[in-house]
Amino acid sequence: MAFVDSIRSHLKMPKKVVEFYTLAKGNPKVAKGLAIGNTAYKKMAMFKLGTPILVLACLSMITLPMPPVLLDMLFSFNIALSMVVLLVAIYAKRPLDFGSFPTVLLLTTILRLSLNVASTRVILLHGQEGTAAAGKVIEAFGNVVMGGSYTVGIIVFSILMIINFVVVTKGAGRISEVSARFTLDAMPGKQMAIDADLNAGLINQEQAKQRRADVTREADFYGSMDGASKFVKGDAIAGLLILIINIVGGIIIGMLQHDMTFADCGRIYTLLTIGDGLVAQIPSLLLSVAAAIIVTRQNASDKEMGQQVTSELLAQPKTLFIVAGVLFVMGIVPGMPHLAFLSLAMFCAALGYYVRYKQEKAKEVKKPMPSDIKPVEQKELSWDDVAEVDVIGLEVGYRLIPLVDKSQGGELLSRVKGVRKKLSQDLGFLIPSVHIRDNLDLGPNSYRITVMGVTFGEAEIQVDRDLAINPGQVFGEISGIKTKDPAFGLDAVWILKSDNDKALGLGYTVVDTSTVIATHLSQILSNNCASLIGQEEVQNILDLVARTQPKLVNGLVPSVISLGLLTKILQNLLNEGVPVRDMRTILETLVEYGPKSQDAEVLTAACRIGLRRLILQDIVGGDMIIPVITLAPDLEKVLHKSLETGGAEGVSIEPGLAERLQKSLQEATLTQEMQGEPAILLTSGILRSTLSRFVKNTIPGLRVLSYQEIPDDKQIRIVSVIGNGVNQIPPGR
């Protein structure tokens, strides 16, 4: 039978239970029961269409006349539905457990207003027939509340309206507004906390994904509740207007169309109107209370409302004793109802003693016996207690958090990803991920960039401004906060975003804060790229090359050179500004020269010669004539002798000579840069690595090449000769 199959697939019942039902089909009574269950299950599918049917039914109630019997059924259903919603709200442990409440509130409000319209039509069309014209439910509610007095009925109804509109609805609406605002403001901090827990290993990826979804659902829920609370407020106002319209309209229709007396019209139409209003307002009050309960619940609570309230109210027995004392004093005052106050005083005192007894008993259970007390053993340290240093870290102050939050339009994450992608393509290996975290020790507008746990860059920026950088020639000054570009130390100004066009017109380069941080990060990673590659990254490079050239890789590592030596060679190349994209040339060079020498400096020089075309392409592009700076022969001889005497420690240059050499190289480099040409120092292969280290930090724009690194099809043009600290420009320059 279909019902039995549905049990297995939908209800997930145990296999033995399903087998029992299957075997029991032979019994006629059981078979009849299964048939009824099968029919009921098929009808349950109709609930999937419940919401569209409810909306269509509301439209039908507004436009089509309805008999009193159907009105009685729908009013009863409305009251029952409101009670169900209220109980679900009471037993929900968190607001998100009833996340569909805003939609339910909207649908129930539409249903209630549709019933008001339908009942109003019946009251005004058939009210002259008597108090049962609109159904038994309306008549019963009217008689109970009015008690035979129109004035009492109107006053009681007005009080219910005031309670609903002024007290419950207004308070719930205010709480919804504040909760929505605070929830949205707290989203970035919650997202950062989730990322911190994930990075610390306290949660896994699935848990982090679920917590992020909960944060988003919470913000959506409170935002929806902020708007849904207006439904209840409007419903209360609509109920008051409908009351006035029904009474006034009924009296006019009864007196003018049906020749009824004013007293009869007042009695019949007031009873029907009060009954109709109560039938609508009682569900409205229940839903208002449910909304107030939902928005006042705590997300962190793991208890139902009744359990939470009871545990907190009875947490301190002394409060019950104080209340019992006050009630006892009031009970013995002459003229007071002694029985009521004294009985409540005894009850509060007894409850206080009971709560104190339970708390003391719980403490005795938890308190260990002296013989059971064991010394607390210190947990043995393990490798889990050692924090791993981030290869690349970016720490931001709390005001910079929106820059890394995509929900607030932050673009820093995408910029950092772009920096990593560009550097990985240029250098030839994958740049490690950048670990971004907030740091309360930093200033609110400050950030810090670390490599292997060491700080390489730190700056302060203005989140609400853009940075206008002076590239060297501008046509005027612009107002703002003067500063230095964090990446290159250029003069810059923090300007208002509205002054961007003006700054661009004056010749400034304008960038936003995300670009400032990303550029600074790119500059630091480029200068320290050799620190980012280790044996793990080198092995990944070899695995990638082995997919297309397996023999080349297998014939080199580890039979010719070790993985550690290869890593050192690649680090040397990167440290000298040579990318390692062309791994085929590097590996072929090492296959040739590896058996002859195991010195990292010698093999690095051999690899540079093999990569000479790539090196020159990065410096001069496709130019055939290369402008170079050379050293005077006498100076080269002095440096060679210094290298021979320095031994393994390198060149030991006399301080005065080193100062004059540095000054001359700086002047020559500046001259080349002013003419828009690259600055290249051409020297012998023996001196190249030493001079490269000599000018690396003092003259960053100067590249040092050896004679062997110039291809045969390229020509050189000597633009300056450095000798004894004096620039000697050749004739014809």
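Computed over heavy atoms, backbone and side chain alike; hydrogens, waters and symmetry mates excluded.
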Between Gln539 and Asp543, does a side-chain hydrogen bond (donor to acceptor under 3.5 Å, both in side chains) hold up when you go through it step by step?
CA-CA 6 Å; Gln539 185 60 56; Asp543 294 340; 3.0 Å; yes
With side chains defined as the heavy atoms from C-beta onward, is the minimum distance between Gln535 and Leu566 less than 4.5 Å?
no
May I ask you to decide if Leu442's main-chain N or O and Ser446's side chain share a donor-acceptor pair within less than 3.5 Å?
no
d(Ile716 CD1, Tyr707 OH) to nearest 0.5 Å is 7.5 Å
Less than 4.5 Å apart, any side-chain heavy atom of Gln210 and any of Gln207?
no
Quick one: does any side-chain atom of Ser414 pair with a main-chain N or O of Glu411 as donor and acceptor, under 3.5 Å?
yes
Salt-bridge contact Glu460-Arg448 (side-chain N to carboxylate O under 4.0 Å):
no
Between Glu673 and Gly701, the two heavy atoms sitting closest are OE2-CA, 4.1 Å
Donor-acceptor check, side chain of Thr589 to backbone of Thr585, threshold 3.5 angstrom: yes or no?
yes
Any side-chain heavy atom of Thr450 sitting closer than 4.5 Å to one from Val389?
no
Between Glu601 and Lys568, is a salt bridge (Lys or Arg N to Asp or Glu O under 4.0 Å) present by the stated rule, with each step listed?
CA-CA 9 Å; Glu601 297 294 336; Lys568 180 62 178 177; 5.8 Å; no
When you measure from the side chain of Asn554 to the backbone of Pro550, do you find a donor-acceptor pair of N or O atoms at a distance under 3.5 Å?
yes
Dump the intermediate steps for side chain to side chain contact (heavy atoms under 4.5 Å, CB included) on Val396 and Asn439, then the final yes or no.
CA-CA 6 Å; Val396 297; Asn439 188 347; over 6 Å; no
Taking every heavy atom of Leu635 against every heavy atom of Gly723, the minimum-distance pair comes out as CD2-CA, 4.2 Å
Using the rule given for side chain to side chain contact (heavy atoms under 4.5 Å, CB included), can you reason through Leu631 versus Val721, listing the C-alpha separation, both sets of side-chain angles and the distance that settles it, and then say yes or no?
CA-CA 5 Å; Leu631 300 178; Val721 177; over 6 Å; no
To the nearest 0.5 Å, what is the distance between CG (Leu563) and CG (Leu556)?
10.0 Å
Do Arg399 and Asp464 sit within salt-bridge range, that is, some charged N less than 4.0 Å from a carboxylate O?
no
So, does Arg608 use its side chain to make a donor-acceptor pair with the main chain of Glu709 at under 3.5 Å?
no
Residue set satisfying salt bridge (Lys or Arg N to Asp or Glu O under 4.0 Å) with Lys637, at least two apart, ordered chain then number -> none
With ring pair (Phe, Tyr, Trp, His ring centres under 6.0 Å) as the rule and sequence neighbours excluded, what pairs involving residues 507-559 come up?
Tyr447-His520
Assess whether a salt bridge exists between Arg437 and Asp390, defined as any Lys/Arg side-chain N lying under 4.0 Å from an Asp/Glu carboxylate O.
yes
Looking only at heavy atoms, which two atoms of Cys607 and Leu590 are closest? And how far apart?
SG-CD2, 3.7 Å
Examine distances only and state if a side-chain atom of Thr455 and a backbone atom of Gly457 form a donor-acceptor pair shorter than 3.5 Å.
no
Sidechain-backbone polar pair: Thr604 side chain, Ala600 backbone, donor-acceptor under 3.5 Å
yes
Would you indicate whether Lys209, at its atom NZ, is surrounded by more than 12 heavy atoms from other residues, nucleotides or ligands within a distance under 6.0 Å?
no
More than 12 heavy atoms from other groups under 6.0 Å of CZ on Phe694:
yes
d(Leu490 CG, Asp485 CG) to nearest 0.5 Å is 5.5 Å
Answer yes or no: is there a side-chain heavy-atom contact under 4.5 Å between Val578 and Leu611?
yes
Partners meeting salt bridge (Lys or Arg N to Asp or Glu O under 4.0 Å) with Arg703 (sequence neighbours left out)
none
Do you know which of Val510, Val516, Thr515 makes side-chain contact (heavy atoms from CB on, under 4.5 Å) with Asp512?
Thr515
Report the distance from atom OG of Ser526 to atom CD1 of Ile431, rounding to the nearest 0.5 Å.
8.0 Å
Rounding to 0.5 Å, atoms CG (Leu670) and CG (Leu665) come to a distance of 12.5 Å
Least distance between heavy atoms, Ile533 atom then Ile541 atom:
CD1-CD1, 4.1 Å
Looking only at atom types and distance, does a side-chain atom of Glu592 sit under 3.5 Å from a main-chain N or O of Glu588, one as donor and one as acceptor?
no
Answer yes or no: is there a side-chain heavy-atom contact under 4.5 Å between Leu587 and Val553?
yes
Does NZ belonging to Lys482 count more than 12 external heavy atoms closer than 6.0 Å?
no
Quick one: closest heavy-atom pair of Ala518 and Val419, and the distance?
O-CG2, 3.7 Å
For Ile401 and Ile436: C-alpha separation, side-chain torsions, deciding distance, then whether side chain to side chain contact (heavy atoms under 4.5 Å, CB included) applies.
CA-CA 10 Å; Ile401 292 177; Ile436 303 177; over 6 Å; no
Using 0.5 Å steps for rounding, measure from the CG atom of Asn528 to the CD1 atom of Ile449.
10.5 Å
Taking only Lys NZ, Arg NE, NH1 and NH2, and the carboxylate oxygens of Asp or Glu, determine whether Asp426 and Lys422 approach each other closer than 4.0 Å.
yes
State whether the side chain of Arg612 and the backbone N or O of Ile609 hold a donor-acceptor pair below 3.5 Å, judged by distance alone.
yes
If I compare all heavy atoms of Leu682 with all of Ser706, which pair ends up nearest, and what's the gap?
CD1-O, 3.5 Å
Apply side chain to side chain contact (heavy atoms under 4.5 Å, CB included) to Ile680 and Val620, showing your working.
CA-CA 10 Å; Ile680 304 173; Val620 299; 3.9 Å; yes
Can you establish whether the number of heavy atoms outside Met624 located under 6.0 Å from its atom CE is more than 12?
yes
Is the shortest heavy-atom distance from the side chain of Val580 to the side chain of Leu427 under 4.5 Å?
no
With a 4.5 Å cut-off on side-chain heavy atoms, are Val704 and Arg693 touching?
no
If we only count heavy atoms from C-beta on, is the Ser433 to Ile392 side-chain gap below 4.5 Å?
no
Strictly distance-based, threshold 3.5 Å: is any side-chain N or O of Gln462 a donor or acceptor partner for the main-chain N or O of Trp494?
no
